[in-house]
Amino acid sequence: MSDFAVLDAPVTSLPGIGKVKGALFEKLGIRTVGDLLYHFPRAYQNRGAVSLLASACLQEVATATVLTVGSPPTSVRIHGNRIMTRFTAFDDSGKCVITFFNQPYIKDLFTIGSAFRFWGRVERMGRNYQMTCPEYEPFSESYRLPDFLPIYPQTEGLKSKAISQAVGLALHELKSLPDPLPKDVRQAHGLVDLLDALRAIHLPADYEELNRARRRFIFEELFLFSLGMACGSKKEELLPENRIENVDLAPFLKALPFSLTRAQERAIKDMQKDLSGKTPMSRLLCGDVGSGKTACAAAAAYTVMKAGRQVALMTPTEILANQHYKDLAPLFEGLGFKTLLLTGALTPANKKKVRAQISRGEADLVIGTQALLTSDTTFARPGLVITDEQHRFGVNQRSILSGKGDQLHTLVMTATPIPRTLALILYSNLDISYIDELPPGRQKVSTFKVDESYRARLNGFIEKQVMEGHQVYVVCPAVEQEDPENGKTVPFGYRPDAPSDLPPLKAAVDFSKELQQALPSVKVGFLHGKMKSGEKDAVMTAFARGELGVLVSTTVIEVGVNVPSATLMVVENAERFGLSQLHQLRGRVGRGRDKSWCILMSQAKEDSPAGHRLETLCKNYSGYDIAAEDLKMRGPGDFFPKPGESTRQSGEFAFKVSFACDDPNLPPLAAMAARAVYDADPALGKEEHLETSRALKKLFRLSENTLN
Ligand code: ADP
Ligand code: MG
């Protein structure tokens, strides 16, 4: 079989995988052998970190030990007709009784004096230790066992071990593989080829090898993403009648209740230039929360409406649509334009009426949720589509733009602070304007880092805020439970120098009980992602109304929540959060007139990496400064969604490994490499780009005519 054919062959073509198992693999999204090979471990058992029995016993999870067999195994029949086989083994720190059930054949394996690496939980047994049914591998000084054993995302009925075996079989079949990274790109950036990288990512000999493979796959993902965005953003020339020139903004500016900041002026100038340019505008407006993006979008809308075209303003939520309608309808009314609102709250009859008005061209500006405006709404004379709060790059811009004509101008707005080098790759299909200045007179949320010794004072402060009629958020990190079965593991994005002795986590539900006991006079509620959406709404509403004084929550409140009377944000285990996330959390307070605070509770030492992070937050208030610091300190991985976090919509790119990127140079290098390939061969038709093109089509589900 050729290697192409191996990759495309169904997993059921592998020995030992029939229909039933095949269906389980399909549950994990694995249909072909290629899918299987790209199903990367989520973590690795660190069997290279061998402990002595005495210290292994102190750990509550599975650990690696190397022991020498000290007594011959003996088998006895026990109740339930089971056979128990036992022997002792030892290391320099003590003696361990090892027990297996129903495996009498191991008698011949564990001969006196032979050494094994065991993996399992070590427990005390009198003055000795014990292990029950550990995993084992023969150990010898001359043959080095791999340090890392892969742990795969698994599913009911299909365990990691079975996946590992299937991967082993697939890898065994392969002699060479076509590589989606062109050879010269690999050479220029010192990247291992696909087959070696696959072998190393699934069964790395050591940390260095794992790291090389990881680097290659991260580069590959960023490269393909960037190239796909470039291929998808081919623009056609703007017809002269769709160019919008010579519109005087003076009446609009006069109608605004404030004068623009310089950053807003710059962004508006960028857009005026786009609208009168040779190709349709496709611009991203990046600006921190409250930087005044709406006014900039309104200026663009005014320009387009003045030229006789309609504008659609799309929002992710109805709340936001209503808010924009309230602000913009009167403004434009005064300037002679009609604004309509199209939301799910309208009756079917009213929706129909609004849609008819849009298609007859009676509305100049239409505000609504994306779903309503992209479905069966037709515009008589469309000119500009604005999308607000385009978070991350979750929704594929391509899908928003499609269907309404390629001659449309588009504007996308986001408040997610992304360092500029990363924006280059994430939004490589868009031109970007930054609004890096806040309107004058904004209050700063005073931010402090405190440790447990302040607990009592903090509780007093919380109580005081609530007594004064304010509300308080307390955010706890999501609880990641240690997997007792898999023991001491190393996550995919592992770095050897990362701190491992973190304090115990505060979990939202438990902590809300603790806090309620400490503050009996205050009403404490909790909120987390696993609650039903009705429950969540009820809690949020109670909090917004002030019926709850304190809301203990996971990061579900990170974006979009607006309770202006909340004045205090407490973050527990603040060292667990990324800077950008902390900044977003802090943005939940300081939204009203009252002085607001953000308290970061953490045991992190001042001179530790976490300490520096928290310090940065106490001193900086701009999302962009913070994002730049974050990139410097933590690497780019944090800016990408973790697997499972991206909302897998059709046609959307699913990032799998970029979250583990720790080299700030990698994204810009991958973007540049992609650019160079695109410039040299935009259709990716050259022999050396065939596999690249194949991979792209698969990842983006691009239509045949985008790439030929
Ligand atoms: P965002 O960028 O988060 O969408 P908005 O556009 O909602 O921010 O603006 C936040 C607030 O700031 C609004 O109340 C708006 O009226 C006000 N605002 C915007 N620009 C200015 C300005 N140049 N001077 C004063 N206030 C402004
Ligand atoms: Mg906004």
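Read the numbers this way: they start at 1 and go in the same order the structure lists the ligands and their atoms.
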Polar side-chain atom of Glu437 near backbone of Thr261 as donor-acceptor pair, under 3.5 Å: no
Protein residues having a heavy atom less than 4.0 Å from any atom of ligand 1: Phe258, Ser259, Leu260, Thr261, Gln264, Asp288, Val289, Gly290, Ser291, Gly292, Lys293, Thr294, Pro439, Arg442
Pair Asp270-Ser433, side-chain donor/acceptor within less than 3.5 Å: yes
Any donor-acceptor N or O pair under 3.5 Å, side chains Arg243, Ser276: no
Mind checking side-chain contact (heavy atoms from CB on, under 4.5 Å) for [X] and listing every partner two or more places apart, or none if nothing turns up?
| X | value |
| --- | --- |
| Arg360 | Ala356, Gln357, Glu362 |
| Ala604 | Glu575, Ser602, Ser608, Ala610 |
| Thr541 | Arg545 |

